[in-house]
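I have placed the structure first, in the form of structure tokens, so that the comments after it can refer back to it.
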Amino acid sequence: MGGSTRSPGVLQRDDASSQSRYQRLSQRMLDLSGDRGVLKDVIREGSGELVTPDASVLDITLWGMELGLLSMRRGEVARFLFKPTYAYGMLGCPPLIPPNATVLFEIELLDFLDSAESDKFCVLSAEQQDQFPLQKVLKVAATEREFGNYLFRQNRFYDAKVRYKRALLLLHRRSAPAEEQLLVETAKLLVLLNLSFTYLKLERPTMALRYGEQALVIDQKNTKALFRCGQACLLMTEYQKARDFLVRAQKEQPFNHDINNELKKLASYYSDYLGKEKEMCHRMFAPGEHGSTVGEN
């Protein structure tokens with residue numbers, strides 16, 4: 001779930017001024033919990049469906065916040081009051097939140113991902129999945145890819161890889177008529193590029209190269225695929241292959257800063273490599289202690 005949360009404001013219930021402020025705020029707020037422990041005031045209306053209980057939620061630590069989010073729609077901005085039971089309780093969260101504090105949050109819900117539909121579809125057999133229209137498969141694959149992106153942004157690369165592979169498996173399973181195959185290949189390309197990048201982050205360049213080359217089968221001039229393949233080959237010290245991929249990428253985007261920097265890095269690595277090769281050869285064929293050289297009888 002993407003969203004932004006402002007730091008909580010604290011409304012203490014043990015002094016008159018805070019009590020008065022709490023009452024003023026709470027009078028016009030909607031009771032979400034039934035006991036006025038979670039109150040809500042909509043600042044900007046959202047659109048679409050409400051957040052579902054199965055949605056992916058980022059760093060939810062408060063019971064009250066979970067209840068609040070389940071009442072929101074995409075794009076909505078709302079203000080919430082949480083009583084201590086639904087917030088930080090009797091202990092608080094020193095030094096920011098004192099004990100028994102009623103807290104005020106303002107939350108903007110940018111987006112959320114619902115995994116329930118995707119999870120149910122992924123456990124079906126290939127024969128069962130084939131009974132659904134192609135658009136359903138593409139939607140589920142896109143949801144899996146978006147989940148992967150969500151995990152990737154949190155540096156959870158292994159978990160992201162699992163989601164991307166689920167999406168790819170769905171797309172590989174699906175046989176589509178010629179007029180719809182382009183949609184499947186386009187969806188595959190996005191997943192393959194993400195897998196290549198993820199395996200680079202996991203420091204597994206061989207797999208990064210494999211998925212990058214599969215992406216190039218779909219689009220042989222794809223700059224990202226060429227760049228990822230070049231990066232993978234560089235990590236594998238396959239300098240000529242790295243240069244070939246990166247030069248092809250540069251041809252597509254001559255002024256791309258990342259590509260040009262990678263080519264500079266390659267030149268530096270290759271220069272060091274040649275220097276070490278030259279030094280090793282010099283040592284191999286240098287005269288020995290008694291003036292003899294390697295290879296003499």
Side-chain angles (χ1 to χ4, degrees), residues 1-3 45-58 60 66 69-76 108-154 156-199 201 207-208 210-226 228-229:
M1 176 180 295
E45 296 284 349
S47 61
E49 300 294 325
L50 291 172
V51 174
T52 63
D54 296 307
S56 174
V57 180
L58 177 61
I60 297 301
E66 183 174 346
L69 285 168
L70 291 174
S71 74
M72 298 183 74
R73 305 175 192 274
R74 286 181 177 86
E76 181 178 326
E108 178 181 12
L109 180 63
L110 302 178
D111 200 3
F112 66 90
L113 296 171
D114 182 3
S115 63
E117 180 183 11
S118 174
D119 291 340
K120 290 177 183 177
F121 188 84
C122 287
V123 299
L124 298 176
S125 67
E127 292 76 16
Q128 290 172 318
Q129 291 176 2
D130 284 341
Q131 296 175 10
F132 288 86
L134 177 62
Q135 290 302 322
K136 172 73 171 182
V137 179
L138 294 175
K139 179 183 177 182
V140 173
T143 299
E144 289 296 315
R145 181 174 59 83
E146 288 167 4
F147 263 110
N149 294 345
Y150 163 82
L151 295 165
F152 187 97
R153 288 191 294 268
Q154 296 183 60
R156 295 168 58 185
F157 304 123
Y158 182 86
D159 294 330
K161 176 203 70 174
V162 172
R163 288 290 185 172
Y164 293 144
K165 283 195 168 183
R166 282 178 64 171
L168 190 61
L169 178 61
L170 288 173
L171 296 168
H172 276 322
R173 279 182 177 179
R174 186 64 183 222
S175 56
E179 63 272 15
E180 294 183 333
Q181 190 60 34
L182 179 61
L183 295 175
V184 176
E185 294 299 299
T186 300
K188 280 184 186 178
L189 179 61
L190 295 174
V191 179
L192 290 168
L193 291 172
N194 288 352
L195 274 168
S196 182
F197 195 16
T198 302
Y199 273 111
K201 292 292 187 180
M207 295 298 295
R210 177 185 299 180
Y211 285 110
E213 288 180 326
Q214 288 182 33
L216 289 172
V217 172
I218 297 174
D219 180 4
Q220 63 180 348
K221 293 186 177 182
N222 187 278
T223 307
K224 287 185 178 179
L226 291 167
R228 303 296 177 222
C229 288

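Values in this document were obtained by computation on a predicted structure and should not be read as measured data. Quick note: residue numbers are just sequence positions, from 1.
- Close placement of the Phe132 and Phe121 rings is indicated, their centers lying within 6.0 Å of each other.
- Contacts classified as salt bridge (charged side-chain N to carboxylate O under 4.0 Å, His left out) and involving residues 211-224 (residues at least two apart or in different chains) are not found.
- Judged purely by atom type and a 3.5 angstrom limit, Gln129 uses its side chain to pair as donor or acceptor with the backbone of Leu124.
- Residues forming a salt bridge (Lys or Arg N to Asp or Glu O under 4.0 Å) with Lys136 (at least two apart in sequence, or on another chain): Glu117.
- Scanning for salt bridge (Lys or Arg N to Asp or Glu O under 4.0 Å) contacts around Glu185 gives Lys188, with sequence neighbours left out.
- Heavy-atom minimum distance, Ala215 versus Ala225: CB-CB, 3.9 Å.
- Every ring-ring contact (aromatic ring centres under 6.0 Å, His included) that Phe152 has, sequence neighbours left out, goes to Phe157, Phe197.
- Between the Arg73 side chain and the Gly48 main chain, a donor and an acceptor come within less than 3.5 Å of each other.
- A donor-acceptor pair under 3.5 Å is formed between the side chain of Thr143 and the backbone N or O of Lys139.
- Partners of Arg166 under the salt bridge (Lys or Arg N to Asp or Glu O under 4.0 Å) rule, at least two apart in sequence or in another chain, are Asp119, Glu144.
- Within 6.0 Å of CD on Gln128 lie more than 12 heavy atoms contributed by other residues, nucleotides or ligands.
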Audit row: Leu138, Leu171, side-chain contact (heavy atoms from CB on, under 4.5 Å) steps and yes/no: CA-CA 8 Å; Leu138 294 175; Leu171 296 168; 3.9 Å; yes
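- With sequence neighbours excluded, no residue forms a salt bridge (Lys or Arg N to Asp or Glu O under 4.0 Å) with Arg173.
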Intermediate values then yes/no, side-chain contact (heavy atoms from CB on, under 4.5 Å), Asp130 and Arg174: CA-CA 7 Å; Asp130 284 341; Arg174 186 64 183 222; 4.0 Å; yes
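- In summary, of the residues considered (Lys165, Met207, Lys161), a side chain to side chain contact (heavy atoms under 4.5 Å, CB included) with Thr198 occurs for Lys161 alone.
- Judged by distance alone, the side chain of Tyr150 and the main-chain N or O of Ala160 form no donor-acceptor pair under 3.5 Å.
- Residues Val140 and Leu170 come closest through the heavy atom pair CG1-CD1, 3.5 Å.
- Between Leu216 and Asn222 the shortest heavy-atom distance is CD2-O, 4.0 Å.
- The number of heavy atoms from other shown groups lying within 6.0 Å of CZ (Arg74) is above 12.
- Residue Leu168 holds its CG atom at 12.0 Å from CZ of Arg145, rounded to the nearest 0.5 Å.
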